[in-house]
Amino acid sequence: MPHDDWLVGRDRRSEAAERIYGAAAELISRQGYEAFTIEALAAKVHCSPATIYRHAGGKAAICDVVVAIQSARIVDTEREAIKDLKGPDRVVTATIVALQRVQSDPLAQLMRSVHTTPVSEWITSSPTVTGFAAEMLGHDNDDPLAAQWLIRVFLALWCWPLKDPAAERTMVQRFLGSPRTEVN
C-alpha cells in the first residue's frame, strides 16, 4: 500500500511517474517522437533507464500516457459538448470541438510531434487514441473499423487544416454528418 514519503510529501512512485511523464512531454515536444529515447529521458530525470522502465514502461507506453495526459482537457470539453447527442450529430460535433481545442492548445504541438507521419502504427493502434475515437462515435457503436477511419480523418484535418474554419466546418458536416450507407 502506497504511503506518503517524509521527504517528498507524497507517494514516491506517483512522484517518480509524474516527473518521468513531464520530462518525456518536454523531450518529445522539443525533439519529436522518433528522436525520443529512454536513455535521454533517464538523463533528464537523473536516474537509470531501468528506473524509467520500472516506473513508466517503454517508449510507446510512455508516449501513450503523455498523449492521454495532454488530451484530458480536450476530451473533457468534447464530452460535455456531445453528452446528449447521437449518430452523425455526435460525430460532427465531437470532431469540430476536438479540432478547435487541438488547434488552439499550445500543447497540441506535443501531440502532433509524437510521430513525423500522422498515420504511423503507434498513434493508430494506441489504446488511448482508439478509445477517444470510439467515444466520439458513441457507446452504441462498437465498430473498430469506424474508429480507425475516424482517427485517420481527424489526423488529416489536424495536420492539414483548411485555412477557412467555416469551410472546414462545412466539410466536416457534409462528410461526417451525412448518414452513411452500409456497403455489403
Side-chain angles (χ1 to χ4, degrees), residues 1-80 94 97-99 101-137 139 141-156 158-159:
M1 171 181 268
H3 63 281
D4 288 351
D5 182 271
W6 68 272
L7 184 60
V8 295
R10 55 183 249 185
D11 177 47
R12 275 186 181 249
R13 187 164 192 77
S14 298
E15 184 71 23
E18 192 172 303
R19 284 187 56 211
I20 289 168
Y21 296 132
E26 184 181 327
L27 286 172
I28 293 167
S29 67
R30 279 195 287 122
Q31 301 171 349
Y33 176 79
E34 301 303 331
F36 171 71
T37 66
I38 298 298
E39 291 74 20
L41 178 59
K44 181 149 184 70
V45 296
H46 308 289
C47 69
S48 71
T51 300
I52 300 292
Y53 286 109
R54 183 172 54 254
H55 288 282
K59 182 176 178 174
I62 291 169
C63 288
D64 204 36
V65 171
V66 167
V67 168
I69 291 168
Q70 302 303 338
S71 300
R73 291 186 315 265
I74 295 166
V75 171
D76 287 344
T77 301
E78 176 191 317
R79 283 181 180 137
E80 183 62 29
V97 168
L99 278 172
R101 287 298 308 267
V102 165
Q103 290 166 346
S104 67
D105 190 329
L107 295 173
Q109 292 307 314
L110 163 73
M111 293 170 14
R112 195 182 220 175
S113 73
V114 167
H115 276 280
T116 55
T117 55
V119 292
S120 68
E121 188 63 31
W122 177 81
I123 202 159
T124 57
S125 64
S126 161
T128 301
V129 174
T130 303
F132 292 155
E135 189 172 336
M136 288 171 76
L137 291 168
H139 296 292
N141 187 333
D142 186 24
D143 186 348
L145 287 176
Q148 284 297 311
W149 179 83
L150 187 57
I151 291 168
R152 285 162 170 78
V153 168
F154 187 86
L155 289 171
W158 180 24
C159 292

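Computed from a predicted model, the values in this text were never measured in an experiment.
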query = From Ile151 CD1 over to Met136 CE, what is the distance, rounded to the nearest 0.5 angstrom?
reply = 9.5 Å
query = How would you list, by chain and number, every residue that makes a side chain to side chain contact (heavy atoms under 4.5 Å, CB included) with Ile69, sequence neighbours excluded?
reply = Tyr21, Val65
ask   = Between Arg19 and Val45, is there a donor-acceptor pair closer than 3.5 Å when you use the side chain of the first and the backbone of the second?
value = yes
ask   = For Ile38 and Gly57, which heavy atoms make the closest approach, and how far apart are they?
value = CD1-O, 4.3 Å
query = If we only count heavy atoms from C-beta on, is the Ser48 to Thr51 side-chain gap below 4.5 Å?
reply = yes
Side chain to side chain contact (heavy atoms under 4.5 Å, CB included) between Gln148 and Thr130, worked out = CA-CA 7 Å; Gln148 284 297 311; Thr130 303; 3.7 Å; yes
ask   = Of all heavy-atom pairs between Ala133 and Ala147, which one has the smallest distance, and what is that distance?
value = CB-O, 3.6 Å
request  = Give, for atom NZ of Lys59 and atom CD1 of Ile28, the distance between the pair rounded to the nearest 0.5 Å.
outcome  = 8.5 Å
message = Looking at every heavy atom in both Ile20 and Leu41, which two are closest together, and how far apart are they?
response = O-CD1, 3.6 Å
task = Could you go through the side chain to side chain contact (heavy atoms under 4.5 Å, CB included) check for Leu137 and Leu150 one step at a time?
result = CA-CA 8 Å; Leu137 291 168; Leu150 187 57; 4.0 Å; yes
request  = First locate atom CH2 of Trp158, then atom CG of Leu99, and finally report the distance between them rounded to the nearest 0.5 Å.
outcome  = 9.5 Å
task = Show your reasoning for whether side chain to side chain contact (heavy atoms under 4.5 Å, CB included) applies to Arg101 and Glu78.
result = CA-CA 9 Å; Arg101 287 298 308 267; Glu78 176 191 317; over 6 Å; no
key: Heavy-atom closest pair, residues Tyr53 and Gly58   = CE2-CA, 3.7 Å
key: Salt-bridge contact Glu135-Arg79 (side-chain N to carboxylate O under 4.0 Å)   = yes
